[in-house]
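What's counted below: heavy atoms across the whole structure, side chains too, no hydrogens, waters or symmetry copies. Order of appearance sets the numbers: ligands from 1, and atoms from 1 within every ligand. This one's a predicted model, so the numbers in the text were calculated from it and none came from an experiment.
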Amino acid sequence: MRYLTAGESHGKQLTTIIEGVPSHLPIVADQINESLIRRQGGHGRGRRMQIEKDLVEITSGVRHGYTLGSPISLVVHNDDFKHWRNIMGDEPLADDAEVRRTISRPRPGHADLNGGLKYGHRDMRNVLERSSARETAARVGAGAVAKILLRELGIEVAGYVREIAGIVSDVDESLSLKERAAISEASPVRTFDEKAANKMMEAIDQAKKEGDSIGGVAEVYVEGMPPGLGSYVQYDRKLDGRIAGSVMSINAFKGVEFGIGFEAARKNGSEVHDEILWSEERGYYRGTNRLGGFEGGMTTGMPIIVKGVMKPIPTLYKPLQSVDIETKEPFQASIERSDSCAVPAASVVMEHIVAFELAKAITEEFPSDYFPRLKRAVDDYRKEVRSF
Ligand SMILES: Cc1cc2nc3c(=O)[nH]c(=O)nc-3n(C[C@H](O)[C@H](O)[C@H](O)COP(=O)(O)O)c2cc1C
Ligand SMILES: C=C(O[C@@H]1CC(C(=O)O)=C[C@@H](OP(=O)(O)O)[C@H]1O)C(=O)O
């Protein structure tokens, strides 16, 4: 499975094309819409999210509620486009057109300057339109299809928030995926501890008041992956590596951890590695899950636990020094509409990005263009490893 996205933040629409989804998988648009709506929420989002109501149109690859095995294309219309029609139009502009006004003031922390240098865009709107995290709506569409495939195989994926601005929300490690999903879904910052959630919201409001922004940590939890997915035999087949790469590709993500992650550097081996146990009822399993479900680039069959670190949003009302590329003069701050914290939304994005990598690994391990056949292969494999 693979996918591509297209679309500018204030352009007409976002498009996703997903290739390699087997036929006869039941899909309806509302399942994808549920994911899209979840991505729009969370305390700290800016005014743009009041304008958009992300709803998908499935434009190919699905007929009467089932995948055809042909490429699936998804379209999400940008409601904000109507306000940007002049600026984002594809007609050549008259020399004196008002909308010729260009963006010449790059924001530190965003893609503006590097993108301008690389693509020769002296109007950096041409960079920000595509570097904007609006694109993550298109990626969530692909992830929602992946989640449907995984669910049919008994694999569930949940994303939530663990930390915002240094405020940590503890999670009771014994909580099941369903419990994690339900509790975080009910929280305005998608987290567990209500006290921490209130503090997080205060920190977000404070940052907003000060014209600043804040980041945090999102976590994705996966139940039901069979052991042995991914591989140790070649670097680019290591599934933890692939997941890490795709999590790092989310806008503003700066780091990834599995299980106890960076804490492993400060512990002895006996406090890090998960002992191997066996029982008639469960087959092989681990006494702990400190490594977060991976060994040797392969799943262990234990829940996958992966964290991603999101830096604070780069667009600030508070002055940060930059240089106008036309005048070469320093300036401070450009006032633009922006989120002040998007970690809750990003936890939904991360959930879907991880789901896509898992579905991709499954379809590589059990290649079939016909979903019922793929499912039978997965069931057989589960039986085989159970009696190993
Ligand atoms: C869900 C989400 C919402 C975001 N919202 C904003 C925003 O409103 N303003 C902004 O400047 N950056 C926002 N970002 C972050 C930028 O898109 C990101 O920092 C930028 O593309 C540069 O890429 P980099 O930070 O990965 O280097 C958001 C990111 C995510 C995941
Ligand atoms: C549109 C979304 O996020 C946007 C991501 C973003 C950025 O620079 O990344 C900037 C903001 O866009 P605008 O400049 O239109 O207010 C966010 O609203 C979205 O998540 O759907």
Side-chain angles (χ1 to χ4, degrees), residues 5 7-14 16 35-56 76-84 87-88 103 105-116 118 124-141 143 159 161 164 189-190 204 207-208 211-218 220 245-256 308-318 320 322 333-354:
T5 73
E8 276 72 45
S9 177
H10 306 99
K12 276 183 199 155
Q13 65 182 46
L14 300 165
T16 312
S35 291
L36 293 174
I37 291 160
R38 286 174 59 219
R39 191 202 69 93
Q40 289 200 271
H43 195 78
R45 290 288 247 162
R47 284 196 315 280
R48 175 79 186 271
M49 285 305 97
Q50 290 155 23
I51 298 170
E52 303 296 344
K53 287 277 166 298
D54 291 347
L55 293 173
V56 78
V76 175
H77 292 276
N78 289 323
D79 291 338
D80 207 14
F81 176 65
K82 57 179 175 284
H83 308 123
W84 292 77
I87 294 175
M88 294 305 295
I103 294 184
R105 298 180 152 196
R107 293 162 295 175
H110 219 298
D112 307 347
L113 181 58
N114 304 328
K118 177 178 166 65
M124 287 177 289
R125 167 155 308 286
N126 295 329
V127 177
L128 78 83
E129 283 295 335
R130 182 64 186 158
S131 64
S132 162
R134 177 76 187 137
E135 188 264 354
T136 60
R139 297 188 76 183
V140 164
V161 171
I164 286 179
V189 277
R190 302 187 50 77
I204 294 169
K208 191 175 176 182
D212 220 323
S213 62
I214 49 185
V217 177
V220 171
S246 67
V247 168
M248 282 294 289
S249 78
I250 304 172
N251 308 50
F253 273 58
K254 301 307 281 182
V256 183
V309 179
M310 185 180 189
K311 74 183 184 186
I313 297 283
T315 306
L316 304 177
Y317 293 85
K318 194 177 183 162
L320 265 192
S322 182
S334 61
I335 311 289
E336 284 222 23
R337 171 180 73 184
S338 183
D339 299 327
S340 44
C341 176
V343 184
S347 73
V348 178
V349 176
M350 187 174 153
E351 169 185 315
H352 288 79
I353 261 135
V354 171

TODO: Could you tell me whether some N/O pair between R134 and ligand 2 is separated by less than 3.5 angstrom?
DONE: yes

Task: Nitrogen or oxygen of R45 less than 3.5 angstrom from that of ligand 2 - done: yes

Distances for all N or O pairs of ligand 1 and the protein under 3.5 Å?
from: ligand 1; atom 1: 5 (N); to: D339; atom 2: OD2; distance (Å): 2.8
from: ligand 1; atom 1: 8 (O); to: S338; atom 2: OG; distance (Å): 3.2
from: ligand 1; atom 1: 8 (O); to: D339; atom 2: N; distance (Å): 2.8
from: ligand 1; atom 1: 8 (O); to: D339; atom 2: OD2; distance (Å): 3.2
from: ligand 1; atom 1: 9 (N); to: S338; atom 2: OG; distance (Å): 2.9
from: ligand 1; atom 1: 11 (O); to: T315; atom 2: N; distance (Å): 3.1
from: ligand 1; atom 1: 11 (O); to: T315; atom 2: OG1; distance (Å): 2.4
from: ligand 1; atom 1: 17 (O); to: N251; atom 2: ND2; distance (Å): 3.3
from: ligand 1; atom 1: 21 (O); to: S131; atom 2: O; distance (Å): 3.0
from: ligand 1; atom 1: 21 (O); to: N251; atom 2: ND2; distance (Å): 3.3
from: ligand 1; atom 1: 25 (O); to: A252; atom 2: N; distance (Å): 3.3
from: ligand 1; atom 1: 25 (O); to: K311; atom 2: NZ; distance (Å): 2.7
from: ligand 1; atom 1: 26 (O); to: A252; atom 2: N; distance (Å): 2.9

Open item on the list: So for ligand 2, is R337 a polar contact partner (N or O within less than 3.5 Å, distance only)?
Closed with: yes

Open item on the list: For E8, is there any backbone N or O sitting under 3.5 Å from a side-chain donor or acceptor partner on E129?
Closed with: no

Task: Heavy-atom donor-acceptor pair, E351 side chain to V220 backbone, under 3.5 Å - done: no

- [ ] Taking side-chain contact (heavy atoms from CB on, under 4.5 Å) as the test, write out the residues that go with A342, two or more places apart.
- [x] R45, M310, I313, D339

Task: Main-chain N/O of P108 paired to S322 side chain as donor or acceptor, under 3.5 Å - done: no

Open item on the list: Quick check on K82: does its NZ atom have over 12 non-hydrogen neighbours (other residues, nucleotides or ligands) under 6.0 Å away?
Closed with: yes

TODO: State, without any angle test, whether T5 and R130 hold a side-chain donor-acceptor pair at a distance under 3.5 Å.
DONE: yes

- [ ] Please list, chain by chain and in numerical order, all residues satisfying salt bridge (charged side-chain N to carboxylate O under 4.0 Å, His left out) with R39, sequence neighbours excluded.
- [x] D54

Open item on the list: So, regarding M49 and ligand 2 (criterion: nitrogen or oxygen to nitrogen or oxygen, under 3.5 Å), is there a contact or not?
Closed with: no

Task: For atom 17 (C) of ligand 2, the option (of D339, N78, V349, L36) bearing the nearest heavy atom - done: D339

- [ ] Look only at interatomic distance and state if R39 has a nitrogen or oxygen under 3.5 Å from any nitrogen or oxygen of ligand 2.
- [x] yes

Task: Proximal candidate to atom 10 (C) of ligand 2 [heavy atom criterion; set S131, A138, S132] - done: S132

Open item on the list: Quick check against the 3.5 Å criterion: does D112 have a side-chain atom that pairs as donor or acceptor with the backbone of M124?
Closed with: no

Open item on the list: Among residues at least two apart in sequence or on other chains, which ones pass ring-ring contact (aromatic ring centres under 6.0 Å, His included) with H10?
Closed with: W84

- [ ] May I ask whether H10 has any heavy atom positioned less than 4.0 angstrom from an atom of ligand 2?
- [x] yes

- [ ] Would you mind listing which atoms of ligand 2 come within a distance below 4.0 Å of any non-hydrogen atom of H110?
- [x] 7 (C), 8 (O), 9 (O)

- [ ] For the pair E52 (side chain) and D80 (backbone), establish whether a donor and an acceptor sit closer than 3.5 Å, ignoring hydrogens and angles.
- [x] yes

Task: Contact check: S9 vs ligand 2, nitrogen or oxygen atoms, below 3.5 angstrom - done: no

TODO: Measure the shortest side-chain to side-chain distance between M88 and N78 over non-hydrogen atoms and say whether it is less than 4.5 angstrom.
DONE: no

